[in-house]
Amino acid sequence: MAIPQRNQRERLLRHVKKKIDVSVGGLRPSAIAGRFHGPRVLINSIPKAGTHLLEGILEDLPLMRNGGKRTLVLTGQNQTAIERSVSGVRRGEFLTAHIGCNPWTSRCLQNSQTRMLFMVRDPRDVVVSRYRYVAEIDHLHPAHAFMKALPGNRDRLKAAITGIAGKMPSMAETLDEFSGWLNHDSALTIRFEDIIGCRGGGDAAIQRRAIEQISEFVGLQVAPSEIDATLSKSLGKTSSTHRSGKIGSSIDEFDDEVEALYQSSVAVFAARYGYR
């Protein structure tokens, strides 16, 4: 269940709680062993594509632990800090990020020993998750007041598609910015639809194959029983910023007007990702 972040205090408390939770998880014998033998991993995603779902899966894989740091976001003023964080990922640790692909970020990843898992999702569902998150959960988001003041959800959906000047990029701009990771040698594209499993309208066999692919890509040797344990644990996980983890959440939200706007501005970029 998503927990609103109405002020800096609530955001800080959420971060502190997460820090405590991941610190406890890092004390598992397997996570301790990962400090010597585990891979270095960066979960990078389009915002609202399901970062927390993949985060929860990695937390349960052998030799892995959550680094517990805030999600890395490139602002233009923090390039040195981003480079330091990516190159400084420790063995058996993963961090999360929302970093678009450009020549600098590509070199940054290639120069590190870190493997990237690039998380994507049907852009229609991202649009729905985006407007709900900004309007209902993150009251500190630059676009919250604007989004909240709109007369209805149709207008909020349209704003999530077209963006809000100076406060939130358009969906087309976001997809374009991140598309370079799709075929990057150091990144593996992970689809939300493949790892959500039965609880979100997906397929258990596809979910298992995706976790096996993730493990192989980052360099983990995972036994079938360990995959079973990861799948079992993922069924009961929730997130404080996660509202609804289902495939096709846009079906009941997109009317003809919103769909026409999507087709005219987003569809060509969505096609790069394999979505219609």
Nearest 0.5 Å, what's the [atom1]-[atom2] distance between [X] and [Y]?
| X | Y | atom1 | atom2 | value |
| --- | --- | --- | --- | --- |
| Arg70 | Ser85 | CZ | OG | 13.0 Å |
| Lys48 | Met171 | NZ | CE | 12.0 Å |
| Arg84 | Ser112 | CZ | OG | 14.5 Å |
| Ile43 | Leu72 | CD1 | CG | 11.5 Å |
| His144 | Ile164 | NE2 | CD1 | 11.5 Å |
| Leu58 | Glu93 | CG | CD | 11.5 Å |

Looking at Ile57, Asn44, Val218, Thr96, which one forms a side chain to side chain contact (heavy atoms under 4.5 Å, CB included) with Leu117?
->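 Exactly one candidate clears the test, Val218.
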Ile190 pairs by side chain to side chain contact (heavy atoms under 4.5 Å, CB included) with which of Met119, Arg121, Met116?
->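 Of Met119, Arg121, Met116, side chain to side chain contact (heavy atoms under 4.5 Å, CB included) with Ile190 is met by Met119 alone.
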Closest approach of [X] and [Y], non-hydrogen atoms and distance?
| X | Y | result |
| --- | --- | --- |
| Arg40 | Gln113 | NH1-OE1, 3.4 Å |
| Val266 | Ala172 | CG2-N, 4.4 Å |
| Thr189 | Trp181 | OG1-O, 4.2 Å |
| Leu220 | Pro39 | CD2-CD, 3.5 Å |
| Met168 | Ala159 | CE-O, 3.6 Å |
| Ser186 | Leu109 | CB-CD2, 3.6 Å |

When you check the side-chain N and O atoms of [X] and [Y], is any donor under 3.5 Å from an acceptor?
| X | Y | value |
| --- | --- | --- |
| Gln79 | Glu83 | no |
| Gln207 | Asp194 | no |
| Thr51 | Ser45 | yes |
| Ser225 | Asp228 | no |
| Tyr131 | Glu136 | no |

Counting distance only, does the side-chain N/O of [X] pair as donor-acceptor with the main-chain N or O of [Y] below 3.5 Å?
| X | Y | result |
| --- | --- | --- |
| Ser250 | Glu253 | no |
| Arg65 | Arg91 | yes |
| Asn102 | Thr105 | yes |
| Arg208 | Leu231 | no |
| Arg28 | Met64 | yes |
| Ser30 | Leu63 | yes |
| Ser129 | Asp125 | no |
| Gln263 | Ala260 | no |

What orientation do Tyr262 and Phe254 show, parallel under 30°, tilted 30 to 60°, or perpendicular over 60°?
->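 Rings of Tyr262 and Phe254: perpendicular, over 60°.
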For the residue pair Tyr133 and His141, categorise the inter-ring angle as parallel (less than 30°), tilted (30 to 60°) or perpendicular (more than 60°).
->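 Because their plane-to-plane angle is over 60°, the rings of Tyr133 and His141 count as perpendicular.
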Is atom CD of Glu216 surrounded by more than 12 heavy atoms (other residues, nucleotides or ligands) closer than 6.0 Å?
->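 Open: at most 12 neighbouring heavy atoms sit under 6.0 Å from CD of Glu216.
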With side chains defined as the heavy atoms from C-beta onward, is the minimum distance between [X] and [Y] less than 4.5 Å?
| X | Y | answer |
| --- | --- | --- |
| Asn153 | Arg132 | no |
| Val134 | Phe146 | no |
| Phe118 | Leu188 | no |

ring-ring contact (aromatic ring centres under 6.0 Å, His included) contacts in which one or both residues fall within residues 67-114, not counting sequence neighbours |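 Sorted result for residues 67-114: empty, none.
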Which salt bridge (Lys or Arg N to Asp or Glu O under 4.0 Å) pairs, counting each pair once, include a residue from residues 144-160, with sequence neighbours left out?
->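 Listed once each, the pairs are Arg154-Asp255, Arg154-Glu257, Lys158-Glu257.
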Using salt bridge (charged side-chain N to carboxylate O under 4.0 Å, His left out) as the criterion, list what pairs up with Asp122, not counting sequence neighbours.
->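 Checked Asp122 against salt bridge (charged side-chain N to carboxylate O under 4.0 Å, His left out); zero matches.
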